[in-house]
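Notes follow once the structure below has been shown.
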Amino acid sequence: MKKTKKEFKVDERLKHIAFIMDGNGRWAKKRMLPRSVGHSFGVKSMEKTLNSCFKMGIEAVTVYAFSTENWTRPKQEVDSIIKLLREYIVDAKKHENVRYVFLGDKSILDEDLRNEMLKLEQDTKCLKNLLNIAFNYGGRAEIVKACNSLIENGLPITEEGISKNLYTSHVQDPDLIVRTGGEYRLSNFLMWQSAYSEIYVTDVLWPDFNEEELIKAIESFYRRKRRFGGLNKDEE
Ligand code: FPP
């Protein structure tokens with residue numbers, strides 16, 4: 001890991017990073033703006049963060065854009081996030097070398113949106129840098145879905161079987177989960193996949209998150225000793 005900002009690179013210990021992009025609403029409120037404006041600035045922050053991650057050599061990024069619980073928010077806010085998703089898909093192809101995968105239940109989304117999502121996934125399937133966008137995603141529902149799929153296929157419920165039937169079957173579990181906005185919880189995000197993820201929480205609100213904050217999160221990750229339930233060589 002090199003420390004100069006320009007050349008900051010990760011090594012093989014950090015391949016997948018996931019973000020809980022919290023704090024858009026508070027960011028907007030502080031400026032007396034509608035929450036939707038906070039989300040819109042949240043997308044800008046997401047863009048910058050993604051570029052930084054891929055530039056640093058991170059192979060996979062997952063973002064929590066909309067949870068199954070977020071439907072309970074005021075309709076105007078929900079509509080504004082869906083609009084941002086639509087716009088994001090239109091712009092997505094301008095990113096070179098990014099593969100998009102949507103995590104979550106697409107079935108209740110409008111058919112045209114669902115088709116756009118599927119098309120983007122298909123068109124970018126062979127590209128190198130992976131971006132998973134969790135949209136209408138819930139971690140518990142995902143595990144239930146995986147179990148049901150094993151049962152329907154007459155297969156035993158095993159850890160490997162569940163992992164293979166999650167939305168994330170194409171990617172290794174996240175090494176690091178970063179949550180902005182200061183709350184110490186996972187909010188139904190990657191419940192299965194986070195079993196051994198390192199978690200980093202910052203008070204910074206998502207629209208203010210930037211490369212400097214990302215480097216702080218990564219440096220914190222590298223200071224941790226990951227044991228995966230065992231002991232490291234120097235502790236035996
Ligand atoms: C949490 O902030 C954030 C969300 C519920 C939505 C996050 C969405 C985006 C950043 C944009 C979506 C991206 C795409 C590509 C569609 P909050 O509203 O709960 O903030 P608060 O805790 O301050 O109220």
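FYI, the numbering just counts along the sequence from 1. Read the numbers this way: they start at 1 and go in the same order the structure lists the ligands and their atoms.
Aromatic ring orientation, F19 versus F209: perpendicular (interplanar angle above 60°, classes split at 30° and 60°).
Geometrically, R73 does not engage W71 in a cation-pi contact, judged by NZ or CZ lying under 6.0 Å from the ring centre and within 45° of the ring axis. A cation-pi arrangement, defined by a distance under 6.0 Å to the six-membered ring centre and an angle within 45 degrees of its axis, is present between K145 and Y167.
Between E160 and K164 there is a salt bridge, since at least one side-chain N of the basic residue sits less than 4.0 Å from a carboxylate O of the acidic one.
Comparing heavy-atom distances from atom 13 (C) of ligand 1 across I20, V43, N24 singles out V43 as nearest. For atom 5 (C) of ligand 1, the choice among V78, L84, N70, L131 with the nearest heavy atom turns out to be N70.
Here the protein heavy atom with the shortest distance to atom 4 (C) of ligand 1 is H39 CE1, 3.8 Å. The nearest protein atom to atom 20 (O) of ligand 1, hydrogens excluded, is given as G25 N, 3.1 Å; this is a heavy-atom distance. Nearest to atom 6 (C) of ligand 1 among the protein's heavy atoms is A65 O, 3.3 Å. Looking only at protein heavy atoms, the nearest one to atom 3 (C) of ligand 1 is M21 O, 3.2 Å. Taking atom 24 (O) of ligand 1 as the reference point, the nearest protein heavy-atom neighbour is R35 NH2, 3.0 Å.
By the 3.5 Å distance cut-off applied to N or O atoms, W27 is not counted among the residues near ligand 1. Between I133 and ligand 1, a contact under 3.5 Å exists for no N or O pair. On a distance-only criterion, W206 and ligand 1 share no N/O pair closer than 3.5 Å. Polar contact check, R73 against ligand 1: a nitrogen or oxygen pair lies under 3.5 Å apart. Below 3.5 Å of separation, one finds no N or O of Y88 facing any N or O of ligand 1. The distance criterion of under 3.5 Å between nitrogen or oxygen atoms is not met by G42 with respect to ligand 1.
Looking at K29 against ligand 1, nothing comes within 4.0 Å, counting heavy atoms.
Against a heavy-atom cut-off of under 4.0 Å, M46 is close to the following atoms of ligand 1: 15 (C). Shown in contact with L85 at under 4.0 Å from a heavy atom are these atoms of ligand 1, numbered in order with element: 16 (C).
N153 is listed as a side-chain neighbour of S149, based on a closest heavy-atom distance under 4.5 Å. Residues E59 and V171 have side chains not in contact (no heavy-atom distance under 4.5 Å, counting atoms from C-beta outward). Residues I17 and P174 fail the side-chain proximity criterion, which asks for heavy atoms closer than 4.5 Å. Residues L120 and F102 meet the side-chain proximity criterion, which asks for heavy atoms closer than 4.5 Å.
Residue contacts with ligand 1 do not include G181, since none of its heavy atoms lies under 4.0 Å from the ligand. The closest approach between any non-hydrogen atom of D22 and ligand 1 is below 4.0 Å.
None of L103, V63, T62 except one satisfies the side chain to side chain contact (heavy atoms under 4.5 Å, CB included) rule with F189; the exception is T62. With N136 as reference, D105 is the one residue of L85, I82, D105 to meet the side chain to side chain contact (heavy atoms under 4.5 Å, CB included) rule.
Heavy-atom neighbours of R140 CZ from other residues, nucleotides or ligands within 6.0 Å: at or below the threshold of 12.
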